[in-house]
Amino acid sequence: MDNKEKEAASGPETTNFIEEIIKNDLESGKHNRVLTRFPPEPNGYLHIGHCASIVLNFGTAQKFGGETNLRFDDTNPVTEETEFVDGIIEDVQWLGFKPARILYASDYFDQLFEWAKELIRQGKAYVDFTSSKEVAEQKGTPTTPGVANQYRDTSPEVNLAEFEKMKNGEYPDGHCTLRAKIDLASPNMHMRDPYLYRIIHAHHHRTGDKWCIYPMYDWAHGQSDSIEGITHSVCTLEFIPHRELYDWCIETLGIYPSKQYEFARVNLTYTVMSKRKLKQLVAENYVDGWDDPRMPTIAGMRRRGFTPASLREFVKRAGIAKREKINDVNLLEYCLREDLNKTALRRIAVLRPLKVVITNLPEDQTEWMETENNPEDPTTGKRPLAFTRELYIEQDDYMETPPAGYNRLFPGGMTRLKSAFIIRCDEAVKDAEGNVTELHCTYFPESRSGQDNSGIKVKGVIHWLSAAHAQKAEVRLYDRLFQVEDPGAEEDFKTSINPNSLEIIKDALVEPALLDSNEGDRFQFMRIGYFCKDKYSTHENPVFNRTVTLKDSWKP
RNA sequence: UGGGUUAUGGUGUAACGGUAGCACAGCAGAUUUUGGUUCUGUUUGUCAGGGUUCGAAUCCUUGUAACCCAACCA
């Protein structure tokens, strides 16, 4: 099979510099296996940016026959919670990936503590009682070297004893820290005697009250990778300056040399991705929680109606590289529609109903029609539709004075009702204010869908519902949460929030088949968009979230 | 103004000294009982200057711009 056939079979073959590195490592014999890890901190929910990291780590390992650990970077007990651990595990699985192991950095606290003592014995770490403010000053600036303080030359024996006291809870929070003794003049600020341990008397979600000292990221991450035998440790660009320290810890300890590689995080237009900002949106009630359908969180997108496949495809197409970027949300929506078009069952909903009376159809007559559940997938079969004297159509599908090219109903105009008959609009009934309240139309019995011998040609096709059969439903129309492409770049991102990001339609009408659906079920409402049944649905009041509109190329 | 990283159409991403390609978006058309889908066609690009070379997005050089680093966060 040549390249072209391969592409036709499984989509475009994506490759990136990380895969390139792995491929070379395998070919050169540097590694004979691939083990990656996805290392979230359990202090918030995962978002589409994490999705890129998940797909990169799990997908790439899979591609090379390797595996991936899910490891929680839980070294800061004051911000981390089990609620987030559970949410993250659920999100990873929902995306379609299975961790080889579920691990925690806190699993390694004992080992990390031993290694810290090892460092002290080597004279490469010391307990520092200087205040954080003073330490910051002593570190100097990027252009001026730092200066040592009196604790830098404390003997290993004393340091060992003090470190033990720290661990035993003899000092209050912030009283002292353990610092690596590296290079106060390094141009890399992270090498100027970085903090290794701090005192935090707080309950940890896994280790409880066992510890009152907790390792910093730099002391925990690389060693955790090493302990697990991670071959390729992939993280985002901002960790590039940490790499030197990552390597220093591993080399100094003489342990398995995991290697760190960095890629640019995925950003999306018209949304924010920083955990801090997302948290703020939730805390200040701009949205309905972490899983609000407008949030770029995995939970939010799931509730909105996104499919795991569409998210994976988006990340694949967005690509992996080393430059900062903002991906066009259009690409995400393209991937979504592509998947949903193939899989979502078609249903009829009328969001803003306009009554139509078929004047030449007797009240007691019901014509049964048949319509496809999904024209893209004939195996989904067909379903019946009742055609009766009183119908509802979309208000948008009638215009008193239509512009050129308008294909739908207008006085004297003819249109086909999808899967049913062609009708002609004879009269628009108006109320005292002049609003159109109902349409009187004539149907043409010979134009029955599938066996049309009426000879009438119409361009427009609209959706409709039998008034006697339609059911009430609530429909929530979501739009982008922000009005500018890069709200994160604004002085205050909240000023660019879209005030119309949610419109609730309480009295939409839907076909009866929709009442049997379950939470999370996805549908295409014909000619409108894709919708997903929301968690707030009850049998009496089903709620549907608009996932994304259909593309609409109609221009007057 | 110390160190690090990055510059390819509107957006994102390929091209590894040899025809600047792909996707999304845009535009135009065909098909269509969803103004959807599908299918055609098409506009737009190598950060700038100099150099090496038969040939440079790619190598050298000088600039420019953007981002990251001075948390007891990760």
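These numbers were taken from a predicted model, which means no experiment stands behind them. Reminder, nothing fancy here: chain letters follow the sequence lines and each chain counts from 1.
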- Test side-chain hydrogen bond (donor to acceptor under 3.5 Å, both in side chains) on T547(A) and R522(A) and set out the steps. CA-CA 9 Å; T547(A) 309; R522(A) 306 180 186 95; over 6 Å; no
- H221(A) and R37(A): CA distance, side-chain angles, deciding distance, side-chain hydrogen bond (donor to acceptor under 3.5 Å, both in side chains) verdict: CA-CA 11 Å; H221(A) 200 90; R37(A) 104 269 91 115; 2.7 Å; yes
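Residue K325(A) places at least one side-chain N or O closer than 4.0 Å to OP1 or OP2 of rU13(B). The side chain of T75(A) places an N or O atom within less than 4.0 Å of a non-bridging phosphate oxygen (OP1 or OP2) of rA74(B). The phosphate of rC24(B) has OP1 or OP2 within less than 4.0 Å of a side-chain N or O from Y334(A). For the OP1/OP2 pair of rU13(B) and a distance below 4.0 Å, the side-chain nitrogens and oxygens of R317(A) include no atom meeting the criterion. Listed pair T79(A) / rA74(B) fails the phosphate criterion, with no side-chain N or O lying under 4.0 Å from OP1 or OP2. Checking the phosphate oxygens (OP1, OP2) of rC73(B), no side-chain nitrogen or oxygen of R276(A) falls inside 4.0 Å.
For R347(A) and F525(A), the positive end is not near the middle of the six-membered ring at less than 6.0 Å and at most 45° from its axis.
A distance of about 43 Å separates the P atoms of rC24(B) and rU1(B), rounded to the whole Å. For the C1' atoms, the distance linking rU42(B) with rA23(B) amounts to 16 Å, nearest Å. Remark: the separation of the P atoms in rU19(B) and rA57(B) is 10 Å, to the nearest Å. Only the C1' atoms considered, rG50(B) is 15 Å distant from rU64(B), to the nearest whole Å. Of the C1' atoms belonging to rC47(B) and rC67(B), the separation is 15 Å, rounded to the nearest Å. Comparing the same atom, C1', in rU46(B) and in rA20(B) gives a spacing of 8 Å after rounding to whole Å. If you take atom P in rU33(B) and the same atom in rU37(B), they sit 16 Å apart, rounded to whole Å.
Nucleic acid contact for L237(A): none, since no nucleic acid atom lies under 4.0 Å from a heavy atom of the residue. Using a 4.0 Å heavy-atom distance criterion, F17(A) is classed as making no nucleic acid contact.
Base pairing of rU32(B): no nucleotide in any strand meets the Watson-Crick or G-U wobble criterion (both distances under 3.5 Å). In this entry rG63(B) has rC47(B) as its Watson-Crick or G-U wobble partner, both defining distances falling under 3.5 Å. With both pairing distances under 3.5 Å, rC24(B) is matched to rG10(B) as a Watson-Crick or G-U wobble pair. Across all strands shown, rG2(B) pairs with rC69(B); the Watson-Crick or G-U wobble distances both stay below 3.5 Å.
Ion pairing between D128(A) and R179(A) holds under the 4.0 Å rule for side-chain N and carboxylate O.
With a 6.0 Å radius and a threshold of 12 heavy atoms from other residues, nucleotides or ligands, R265(A) has its CZ atom at or below the threshold.
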